[in-house]
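Everything on this sheet refers to the single structure shown next.
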Amino acid sequence: MPALCVLDPDGDIVRHLCATGRAKPDPDWACYHSILHRFEESGRAIGIVGCAVGAPFAVLVAEQMFASGCELLISITSSGQITALWALPYFILIEAALRDEGTSYHYLPPRARSSTRRAPWSQPWRRR
């Protein structure tokens with residue numbers, strides 16, 4: 001399992017990587033209800049699972065990734081916009097979120113907001 005993994009809820013990244021021959025299914029992935037693909041970027045192996053839609057399913061896949069050796073998981077997805085900020089396409093990094101019901105209270109101490117600045121894993125991820 002690569003130390004760096006990605007969840008791709010839309011599946012667009014996985015489809016592109018497979019269509020261009022950059023990603024291959026990982027035969028050792030133990031989670032039978034999803035397919036983990038591997039690809040390389042800048043000499044680093046990356047694992048990616050597409051179409052993990054919905055918090056319960058995404059958490060199940062994420063927990064399997066961490067149990068298999070993943071150290072950093074990034075979720076990349078698309079969204080609509082209410083107000084145009086810049087010319088498309090662009091990326092937004094979410095650093096804080098309001099918390100409500102769901103899985104988030106199981107992983108961090110209860111607070112009204114969740115923030116990457118307070119999380120124990122928020123230190124810069126180091127290359128191995």
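Heavy-atom basis, side chains included; hydrogens, waters and symmetry copies ignored.
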>> If you apply the rule side chain to side chain contact (heavy atoms under 4.5 Å, CB included), what do you find for M1 with L36, and how did you get there?
In response: CA-CA 9 Å; M1 170 64 66; L36 178 107; 4.1 Å; yes
Joint cluster assignment, [X] & [Y], ILVMFWY side-chain distance < 4.5 Å:
X: F66; Y: V61; value: yes
X: I13; Y: V53; value: no
X: V59; Y: L7; value: no
X: L73; Y: I76; value: no

> Does the side chain of V49 reach to within under 4.5 Å of the side chain of C5, using non-hydrogen atoms?
Replying inline: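 No. Closest side-chain heavy atoms not under 4.5 Å.
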> Does any non-hydrogen side-chain atom of E40 lie less than 4.5 Å from one of P2?
Replying inline: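 No, side chains not in contact.
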>> Going by side chain to side chain contact (heavy atoms under 4.5 Å, CB included), name the residues that satisfy it together with D10, two or more places apart in sequence or in a different chain.
In response: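 So D10 forms a side chain to side chain contact (heavy atoms under 4.5 Å, CB included) with D8, D12, T77, S78.
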> Mind checking what makes side chain to side chain contact (heavy atoms under 4.5 Å, CB included) contact with L85, not counting sequence neighbours?
Replying inline: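 Here the qualifying residues are Y90.
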Looking at [atom1] of [X] and [atom2] of [Y], how far apart are the two atoms once the value is rounded to the nearest 0.5 Å?
X: Q81; Y: T83; atom1: CD; atom2: OG1; value: 8.0 Å
X: L4; Y: M65; atom1: CG; atom2: CE; value: 9.5 Å
X: I48; Y: R22; atom1: CD1; atom2: CZ; value: 10.0 Å

> Does anything in residues 14-48 pair up under ring pair (Phe, Tyr, Trp, His ring centres under 6.0 Å), and if so which pairs, sequence neighbours excluded?
Replying inline: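 Every pair satisfying ring pair (Phe, Tyr, Trp, His ring centres under 6.0 Å) with a residue in residues 14-48: H33-F57.
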> For C31 and L60, what are the C-alpha separation, side-chain angles and deciding distance, and is it a side chain to side chain contact (heavy atoms under 4.5 Å, CB included)?
Replying inline: CA-CA 9 Å; C31 201; L60 181 142; 4.0 Å; yes
> Linking Ile, Leu, Val, Met, Phe, Trp and Tyr by side-chain heavy atoms under 4.5 Å, what else ends up with I35?
Replying inline: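 Listed partners: none, I35 stands alone.
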